[in-house]
Structures are given as C-alpha cells and as structure tokens.
Amino acid sequence: KRAKHIKVKFGTLLQRPDHEHTENVIPFQKKPENAIPLPQKPENAIPLPQKPERCLETPPKYDRPSRAEASQWGKALDNVLTNNYGLATFRDFLRSEFSEENIEFWVACEDYKRTRETSKMAAKAKRIYKEFIQTGAHWEVNIDHITKDVTVRNLGRLTPMTFDLAQRQVFALMEKDSYRRFLKSNQYREIIK
C-alpha cells in the first residue's frame, strides 16, 4: 500500500502535462450557474466497495478470439480495448501487476460518456471522482496536477467530455507502459500461439 502511494506521488511529480488537449476544458467558474448538484448519500446507502464493481473476471473460453484477431491487438491498444476478450485479458494482466486502476478508470469513463440521463451522469461523475481522482482515493490514477485541477473544475458543469483530458492521459500512460509489457506477457503469447 505504501509502495503504491509512493509510486503515485513520484509519478505525479515526474509527469509532464499534455497541454495540447486543453481546448476541450470547460472554463472555470467559481459558482457555476447551471451546475448539476451531486446527489447526497442517502442514509441507507451501501458503502463503496474496495474494488470497482465494473471489474470483469477472466473471459469465458468460448469467447477466445482467433489467432489472427488476437494478433491485431499487437498493432494498437485500441484494438485490445474494443475486444471484450482483449479488454478482460488486459485487465487480468494489469491486476497481476497491481495497476488495474488505470483500466478501471478508462472503463468507468467510457461508461460515463454513454450516460445521457443527468441524474445518472451526476452519480457516475461523483463515483469516478471518489474512486479515481480524489487525492488519496483507493484507486487513485496517476495524472498530473494540471489535469487533475481541470477535471475537478469540469465537475462543476457535467458533460460527456468531463473526464476526457484525464482519460486521454491515463490511456497514454497505459499505451506507453502497460500495453508494451502486455504484448510480451504470457497471457498475450498464449492467445496468439
């Protein structure tokens, strides 16, 4: 636990923010006029689980892709993430490296983007913030402070793009680091042989 905390702190200090995507940032307003209030926690609410409920287990054997289909995963991380078996296999790999918070955050953001009902959007945004963005969160993702500040400001006016900047940064981290190790892993090699 302590090692993970130190890893997050050093990673945040060493990362350089990706400023080319700041055109999508919603301007900061001290008191947003049309802010959607985040719902209060009801008295009988179930506490947040230690592990996000979106986690998939190992994919069933019958969903296993062909060797040709799985070899496409080696061309781009997007190919892995758009394939259900690939996503589950990548999750298992990250879980084995104790770094699944990145993929869980990415999946939560994808789910959030598909949400159209404002009350559900507010609840999901609050949950994503508490699980992944908030300093000291159990599943805190490694994003630079500028991206974190922008994301927190975006929470004042929810749109499907609220978490885009942070999601792109986490995707880039996975692509540069975890994805390359995944391609060399036994999990991936077993599928393409």
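Numbers here are sequence positions counted from 1.
Note that NZ of Lys176 is 12.0 Å distant from CZ of Phe171, once rounded to the nearest 0.5 Å. Distance check, rounded to the nearest 0.5 Å: CD of Glu100 to CD of Glu104 gives 6.5 Å. Rounded to the nearest 0.5 Å, atoms OG (Ser178) and CG (Leu183) are 11.0 Å apart. The line from SG of Cys109 to CE of Met161 is 13.5 Å long, rounded to the nearest 0.5 Å. Here the CD atom belonging to Glu69 is positioned 5.0 Å from the CG atom belonging to Asn83, to the nearest 0.5 angstrom. Here the CG atom belonging to Leu77 is positioned 11.0 Å from the CZ atom belonging to Arg180, to the nearest 0.5 angstrom.
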- Query: Given the rule in the side-chain contact (heavy atoms from CB on, under 4.5 Å) test, do Asn154 and Phe163 qualify, once you have shown the distances and angles that lead to the verdict?
  - Reply: CA-CA 8 Å; Asn154 287 347; Phe163 297 100; over 6 Å; no

- Message: For a side-chain contact (heavy atoms from CB on, under 4.5 Å) check, start with the C-alpha distance between Trp73 and Tyr85, then their side-chain angles and the critical distance, and finish with the verdict.
- Response: CA-CA 11 Å; Trp73 300 353; Tyr85 195 94; 3.8 Å; yes

- Query: What's the verdict on side-chain contact (heavy atoms from CB on, under 4.5 Å) for Gln167 and Lys113, showing C-alpha distance, side-chain angles and the deciding distance?
  - Reply: CA-CA 11 Å; Gln167 187 184 20; Lys113 286 180 193 178; 2.8 Å; yes

- Item | Phe105/Ile133 under side-chain contact (heavy atoms from CB on, under 4.5 Å): CA gap, chis, key distance, verdict | CA-CA 9 Å; Phe105 173 71; Ile133 304 293; 3.7 Å; yes

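Shortest non-hydrogen contact noted between Ser71 and Ile192 is N-CG2, 3.9 Å. For the residue pair Arg91 and Ile103, the shortest heavy atom distance occurs at CG-CG2, 3.6 Å. Of all non-hydrogen atoms in Gln187 and Thr89, the two that sit nearest each other are CB-CG2, 4.0 Å.
In this structure, the side chains of Tyr179 and Met174 stay at 4.5 Å or more apart for every pair of heavy atoms. Side-chain contact between Leu155 and Leu158: present, with at least one pair of heavy atoms (C-beta onward) separated by less than 4.5 Å. Contact check for Arg95 versus Asp92: side-chain heavy atoms found under the 4.5 Å cut-off. A 4.5 Å side-chain heavy-atom check between Pro160 and Arg116 finds at least one atom pair inside the cut-off. Between Thr151 and Tyr129, every side-chain heavy-atom pair lies at or beyond the 4.5 Å cut-off.
The closest side-chain donor-acceptor pair between Lys124 and Thr115 falls under 3.5 angstrom. Remark: the Thr162 side chain and the Tyr112 side chain contain an N/O donor-acceptor pair separated by less than 3.5 Å. In this model, a donor atom of one side chain and an acceptor atom of the other lie less than 3.5 Å apart for Gln169 and Thr147.
Classified by interplanar angle (parallel below 30°, tilted 30° to 60°, perpendicular above 60°), the ring pair Phe90/Phe182 is perpendicular.
Looking at residues two or more places apart in sequence or on another chain, you find a side chain to side chain donor-acceptor pair (under 3.5 Å) between Arg181 and Glu97, Asp177. Glu190 pairs by the salt bridge (Lys or Arg N to Asp or Glu O under 4.0 Å) definition with Lys193, not counting sequence neighbours. Shown here are the salt bridge (Lys or Arg N to Asp or Glu O under 4.0 Å) partners of Glu175, two or more places apart in sequence or in another chain: there are none.
Val150 pairs with exactly one of Asp164, Leu165, Ile143 by the side-chain contact (heavy atoms from CB on, under 4.5 Å) rule, that one being Leu165.
A salt bridge is defined here as a Lys NZ or Arg NE, NH1 or NH2 lying under 4.0 Å from an Asp or Glu carboxylate O, and Lys148 with Glu140 meets this definition.
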